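For the numbers below, each heavy atom of this structure counts, side chains included, while hydrogens, waters and symmetry mates do not. It should be emphasised that the depicted structure is a prediction, and the values quoted were computed from it without experimental measurement. Quick note: residue numbers are just sequence positions, from 1.
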Amino acid sequence: MDDWQFFHGDGKQRDLADKLKNLEPPPWRRFGKKEDIPEDGRWEKIINLLNEKDTDKRRGETFRISSKHDDVINAVNAAIYLRRPLLITGKPGSGKTSLAYAIAHELKLGSVLSWNITTRTTLQDGLYRYDAIARLHRANLAKLKNDNYEEEEDIGKYITLGALGTAFLPSVLPRVLLIDEIDKSDINLPNDLLNLFEEGEFQIRELELAKRSKSQQADNSQKQEHQFEVNTQDKGVNALIKGDWVRCYTFPIIVMTSNGEKDFPPAFKRRCIRISMPNPEEDELKAIVKAHFASDEKVFADAESEINQLIEEFLEDKSTERATDQLLNTIYLLTRDVSPQGTHKQSIKDILFTSLND
């Protein structure tokens, strides 16, 4: 029997594009039509874009989660099969955010779309932004210069899809979308997301008005589907939209992180696959450290005993809340050729190991 898993959490890339393309969704999670996917070369640009994001690429490569935490691995794979968003809770530094980058890395799905949530964030912020002022300014300049200005044709230049809107563009392979710290949102945002998560589509009203205007100008006997080229969250990558609706073909892989600061409405929770990210244990921390120091194996080998000692100290007080990057920072600083010694060494360790709940 073929391995049912797409994601393994071990940092290894696998050629699963064809398997992912042919993965049938549940009948109740089917959205757009394959023929609605424009042939604009956008996916190739997305893959190439990852090469410009070294930090994001590294986050995916260095993420590790032990196979004994198969509940997390199974939750990710269930979300892929069922086309459902993931709601990940856990302590700061447990790897919730890095999980999204790991999924994109292992499945070769290009760069991660990231939407950081604050108390002021609205659904519209994530979907798209329309720069009406810039468009009006352009029209006024054209009139002053006596240029021929077709405002309906130009409207796409003034619309930029947000991370959420970009994730729902139709494509054969899913995009990975990180919605970070959703528990910081206004109480209305989770409810506002429900329709999008269920229907897999949203409307750009400005394009509807432009389309209506074009239709009135055209011969009523000629029926045509209007296309608009808009900006996206991906740097330098535009997208063609047919009509005024954005409708996904493959539901994106959505990772929503929460520190557990507030609860969510039952209607929102039942539409998500929920899992708690465990704190890394000793063997997992060793694997994480080794992955981060992979480019400097000599340093890791020379200081292995000291690194193991730091990991033990990092874990010894279970009541202390610490993040994995605190350990990585400490190891990096204390294992250099030139590093603090004597009392300075202990002082640095105490500073960098300070509990998050202190």
Side-chain angles (χ1 to χ4, degrees), residues 6-17 43-67 69 72-73 76 86 88 90-116 163 166-167 173-181 233-237 252-257 277-281 283-304 307 310-311 314 322-336 352:
F6 286 94
F7 178 72
H8 294 75
D10 56 6
K12 296 178 182 178
Q13 289 190 312
R14 294 167 175 83
D15 293 317
L16 298 173
W43 191 263
E44 290 75 12
K45 296 175 184 176
I46 292 167
I47 298 298
N48 293 332
L49 190 62
L50 183 61
N51 296 325
E52 300 176 16
K53 298 184 175 183
D54 291 339
T55 303
D56 292 357
K57 188 176 179 181
R58 186 170 177 79
R59 291 182 80 169
E61 291 172 343
T62 56
F63 179 89
R64 298 290 186 276
I65 187 166
S66 172
S67 57
H69 296 305
V72 176
I73 297 170
V76 172
L86 274 162
I88 310 286
K91 294 180 179 179
S94 58
K96 303 185 299 297
T97 300
S98 296
L99 178 63
Y101 294 91
I103 296 169
H105 169 70
E106 284 194 26
L107 275 61
K108 299 183 180 181
L109 294 177
S111 59
V112 173
L113 293 163
S114 180
W115 186 27
N116 298 311
T166 303
L173 291 170
R175 292 299 300 273
V176 178
L177 169 65
L178 170 65
I179 304 180
D180 210 12
E181 298 191 329
Q233 190 71 13
D234 297 308
K235 182 180 177 182
V237 181
I253 299 173
I254 302 175
V255 177
M256 298 182 289
T257 71
M277 182 69 74
N279 290 323
E281 297 178 5
D283 58 335
E284 294 168 298
L285 286 174
K286 288 180 179 179
I288 291 170
V289 170
K290 194 166 185 178
H292 276 275
F293 285 85
S295 61
D296 203 351
E297 292 183 5
K298 185 177 184 304
V299 171
F300 183 85
D302 292 346
E304 187 170 3
I307 290 172
L310 286 170
I311 291 174
F314 180 81
R322 296 189 180 113
T324 305
D325 57 352
Q326 290 178 271
L327 173 64
L328 293 172
N329 290 334
T330 307
I331 291 174
Y332 179 83
L333 194 56
L334 298 185
T335 58
R336 301 294 93 192
L352 297 180

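Residues Ser94 and Asn279 have side chains that never bring a donor and an acceptor to within less than 3.5 angstrom of each other.
Across His8 and Glu106, no two heavy atoms sit closer than the pair N-OE1, 3.0 Å. Residue Ala323 comes nearest to Gly93 through the heavy atom pair CB-CA, 3.6 Å, listed as atom of the first residue, atom of the second, then distance. Shown here for Leu310 and Leu327, the closest heavy-atom pair between the two residues is O-CD1, 4.0 Å. Here the shortest heavy-atom pairing between Ala100 and Val112 reads O-CG2, 3.9 Å. Pairing each heavy atom of Ser111 with each of Asp234, the nearest pair is OG-OD1, 3.8 Å. Nearest heavy-atom pair across Lys91 and Lys96 is O-NZ, 3.1 Å.
Between the side chain of His105 and the backbone N or O of Gly11, at least one donor-acceptor pair lies under 3.5 Å. Glu284 places a side-chain N or O within 3.5 Å of a backbone atom of Glu281 that can act as its donor or acceptor partner.
Residues Tyr101 and Ser114 are in side-chain contact: their nearest non-hydrogen atoms beyond the backbone lie under 4.5 Å apart. Residues Trp115 and Ile254 are not in side-chain contact: their nearest non-hydrogen atoms beyond the backbone lie 4.5 Å or more apart.
Rounded to the nearest 0.5 angstrom, Ser66 OG and Leu285 CG are separated by 11.5 Å. Taking CG from Asp180 and CE from Met256, the interatomic distance works out to 12.0 Å, rounded to the nearest 0.5 Å. Taken from CG in Leu109 to CD1 in Ile103, the straight-line distance is 9.0 Å, to the nearest 0.5 Å. Note that NZ of Lys290 and CD1 of Ile288 are 14.0 Å apart. Values are rounded to the nearest 0.5 Å. Going from atom CD1 of Ile46 over to atom CG of Leu173 covers 10.0 Å, rounded to the nearest 0.5 Å. Distance check, rounded to the nearest 0.5 Å: CD1 of Ile65 to CE of Met277 gives 5.0 Å.
For Glu44, the side chain to side chain contact (heavy atoms under 4.5 Å, CB included) criterion is met by no residue, not counting sequence neighbours. Residues that satisfy the side-chain hydrogen bond (donor to acceptor under 3.5 Å, both in side chains) test with Thr166, not counting sequence neighbours, are absent from this structure.
Atom NZ of Lys57 sits in a sparse spot, with 12 or fewer heavy atoms from other residues, nucleotides or ligands closer than 6.0 Å.
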From CA spacing to verdict: side-chain contact (heavy atoms from CB on, under 4.5 Å), Glu61, Gln13: CA-CA 9 Å; Glu61 291 172 343; Gln13 289 190 312; over 6 Å; no
